[in-house]
Number of protein chains: 2
Amino acid sequence: MTTINDIAQMAKVSRTTVSRALNNSGYVSEDVRKRIMKIVEETGYMPSQSAKSLRTKRSGVIGIILPRLSTETSTRVVNGINEELAKEGFQILLTDTELNKQKEIEYIRLLKTRHVDGIILLATNVNEELIKAIHNIDIPVLAIGQELPGVPSLVYDDYHAAADLTNMLIHKGHERIAFIGVTHDDPSVGGLREQAYRDKMKVNGLEIQETWIGQGDFSIESGYEQMKSILKRSKGQEPTALFAVTDRMAIGAMEYLKEQGYTIPEEMAVVGIGASALSKYITPSLTTIDYHNKDAGKKAAELLLRQLKNEKIDKKFELTYRLIMRNSV
Amino acid sequence: MTTINDIAQMAKVSRTTVSRALNNSGYVSEDVRKRIMKIVEETGYMPSQSAKSLRTKRSGVIGIILPRLSTETSTRVVNGINEELAKEGFQILLTDTELNKQKEIEYIRLLKTRHVDGIILLATNVNEELIKAIHNIDIPVLAIGQELPGVPSLVYDDYHAAADLTNMLIHKGHERIAFIGVTHDDPSVGGLREQAYRDKMKVNGLEIQETWIGQGDFSIESGYEQMKSILKRSKGQEPTALFAVTDRMAIGAMEYLKEQGYTIPEEMAVVGIGASALSKYITPSLTTIDYHNKDAGKKAAELLLRQLKNEKIDKKFELTYRLIMRNSV
DNA sequence: CTGAAAGCGCTTACAG
DNA sequence: CTGAAAGCGCTTACAG
């Protein structure tokens, strides 16, 4: 491999000068610069990032920690991040926790040893150890999806999104609304969305039967199973609508309902959150919330980049959402 | 940051010894090893990968070049790769070409400067410059999805998959089968799949009207538009079935057909390739081919790893597929 | 405007 | 079994 020394020799200058020419730092006469650049072109020389990063403590790489690569949400966010980062010449180092909390923490430290300049964490839970790990490494971290104490966080407006959805169902005349949520370890998806549902039911004077409440695990299959259980449990006081906190679970529920011969939305209205491609093309099309995940990714990248430039940024950013009315209601 | 020198000092040994203990290379007395490991634990020391990689020329990072992150196919492949690589402690550096051929080449060289140990390329086209770029960098490269001359390639069996699909439609009694393909710059998806369709029609004595042939760009929208054009163009000799080379385009086509009041499969049978989640949940569910993308990713990682261990591997591997019969036929 | 020298944090012959 | 020394390929004060 050609190194900076080779270039220096060929250009008959010191490697100091080559470095300066390459990085546009310090003075280099126009003559010499041209001579160097020509040789760089010809040889196709590219500086070793390892050496560079060892020396400068910066790598041009941003680490991403995500819960699952195989969800549309993650993909869209990563897409947005990448688009923004690529513009500035940054690369992405990807790690996938497979929803394992321990790995989340491991990866934070691992990314540090790889000298990433910053980390974007698609957070799925909040716990002491995680927060501590983040504070212990002293590189900028940005969280998406959960509000992490002391960590700049980009969050979706889960509460209001879920509240809007619940209100909408109520205004459509539904009084018995079932709910499929997820574990409260996930404060945003599990906590906030359920809280909003419960609050709005209460505010509207509607009582919730606990038989209407199910807990899934984000998968389509769990939506199917939970819908089944809910229907079984609530014989005689069956719900007329279902609010599932993710599109995938809503779609699983719809599968079960269709199998059982329910008409949607007449006999059971269904709503989800996420605006997945599935939600659009399934029959009937699913009413859902668009969180603009790609924009979230872009915003996250932008905020991280600003941190890298030592700008001060706020600790919390709230994203907007959009209710998409379709045929499942 | 704590470095190997700090550890050496604290353990009262040389950094040579620390390095040996950490890497299990050479002799270290049990005593000393324990002393060192204890301190490593306590301090949470992690060796700088930049330094390591500068010295050893290896980084523990594999570069991935993919055409689009936001497709299920890519996601599944990356997932499989990651799963396999993570086991061996490798990380993934991700680059997205956005279907730009120039970027494909750029990224190959860029990944090299980042000292990746190998590259997996989800290839969408084959051209001289690309092949040259791959041969010029001397790190192992593995291609998925296209057969690249001289490069170990993992390919789907596009020809037979498409042939099976075509034959199946013919055996169901269809004689007028429309086709939505993509550019032949993509030899696998654009070339092979179309070739198989044409061959099987011919073998079965069926004539193809060129008005039945459309060319999309992988998007759902393009499937919609192409179906529309095909129907417009072929008035009087409308097809009774459609073979779209990807699920997404098939689904776009179905949307148009549904809008126009066609019943599927009675008035128009539709098949795709890809076994996307969408294909399963759309109504009617789509007959398609499962390429086992995740397994492909795993296999790719495994092959690359074997190359890294200097094992000789074959230049070409063909993957299996599975026809999934559903309700769109 | 240019260069010599030090040093980033590791690993690896080599010597003992 | 252990250590001193060299070197990987860069950048950056410092000096001129």
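Values below: every heavy atom of this structure, side chains too, minus hydrogens, waters and symmetry copies. Below, chain A is the first sequence line, B the second, and so on; all start at residue 1.
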Please report, to 0.1 Å, the donor-acceptor pairs under 3.5 Å made by any side chain of residues 15-24 of chain A, with sequence neighbours excluded.
unit_1	atom_1	unit_2	atom_2	d
A:R15	NH1	A:N5	OD1	3.2
A:T17	OG1	A:S14	OG	3.3
A:S19	OG	A:N23	ND2	3.4
A:N23	ND2	A:S19	O	2.9
A:N24	OD1	A:R33	NH2	3.2

Side-chain donor-acceptor contacts of residues 296-308 of chain A below 3.5 Å, not counting sequence neighbours, with atom names and distances?
unit_1	atom_1	unit_2	atom_2	d
A:K298	NZ	A:E83	OE2	3.3
A:R306	NE	A:E311	OE1	3.2

Exercise answer: donor-acceptor pairs, residues 140-155 of chain B side-chain atoms, under 3.5 Å, sequence neighbours excluded:
unit_1	atom_1	unit_2	atom_2	d
B:Q146	OE1	B:S188	N	3.1
B:Q146	OE1	B:S188	OG	2.8
B:Q146	NE2	B:D186	OD1	2.6
B:E147	OE1	B:K316	NZ	3.0
B:S153	OG	B:L148	N	3.0
B:S153	OG	B:V151	O	2.7

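Contacts between chain B and DNA chain D, taken as any atom within less than 4.0 angstrom of a protein heavy atom, begin and end at D:dC1 to D:dG9.
For B:A51 and B:R20, each mapped to the nucleotide of DNA chain C holding its nearest heavy atom, the one lying further toward the 5' end belongs to B:A51.
Contacts classified as side-chain hydrogen bond (donor to acceptor under 3.5 Å, both in side chains) and involving residues 126-136 of chain B (residues at least two apart or in different chains) are given here: B:N125-B:N127. Within the structure, every pair that satisfies the salt bridge (Lys or Arg N to Asp or Glu O under 4.0 Å) test and touches residues 50-74 of chain A, not counting sequence neighbours, is listed here: A:E72-A:R76.
Within residues 2-18 of chain A, the residues having any heavy atom closer than 4.0 Å to DNA chain D are, in order of number, A:T3, A:I4, A:R15, A:T16. Within residues 38-47 of chain A, no residue is approached by DNA chain C to less than 4.0 Å at the level of any non-hydrogen atom.
Taking a pair as Watson-Crick or G-U wobble with both distances under 3.5 Å, the runs of three or more consecutive pairs in DNA chain D are C:1-3 with D:14-16, C:5-12 with D:5-12, C:14-16 with D:1-3.
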Worksheet entry | Steps toward side-chain contact (heavy atoms from CB on, under 4.5 Å) verdict (A:L121, A:I134) | CA-CA 10 Å; A:L121 170 67; A:I134 292 176; 4.1 Å; yes
Worked check of salt bridge (Lys or Arg N to Asp or Glu O under 4.0 Å) between A:R109 and A:E106: CA-CA 5 Å; A:R109 302 189 44 210; A:E106 232 170 73; over 6 Å; no
inquiry  = Show, in sequence, the C-alpha distance, side-chain angles and deciding distance for B:S29 and B:D31, and conclude whether the side chain to side chain donor-acceptor pair (under 3.5 Å) test is met.
reply    = CA-CA 5 Å; B:S29 71; B:D31 261 29; 5.8 Å; no
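Partners of A:D185 according to the side-chain hydrogen bond (donor to acceptor under 3.5 Å, both in side chains) rule, which considers only residues two or more places apart in sequence or in another chain, are A:K101. Applying the side-chain hydrogen bond (donor to acceptor under 3.5 Å, both in side chains) test to B:Y107 and every residue at least two apart in sequence or in another chain returns nothing. For the side-chain hydrogen bond (donor to acceptor under 3.5 Å, both in side chains) test, residues two or more places apart in sequence or in another chain that qualify with B:D138 are B:K112.
When atom types are taken as modelled, the side chain of A:D117 and the backbone of A:S59 share a donor-acceptor pair closer than 3.5 angstrom.
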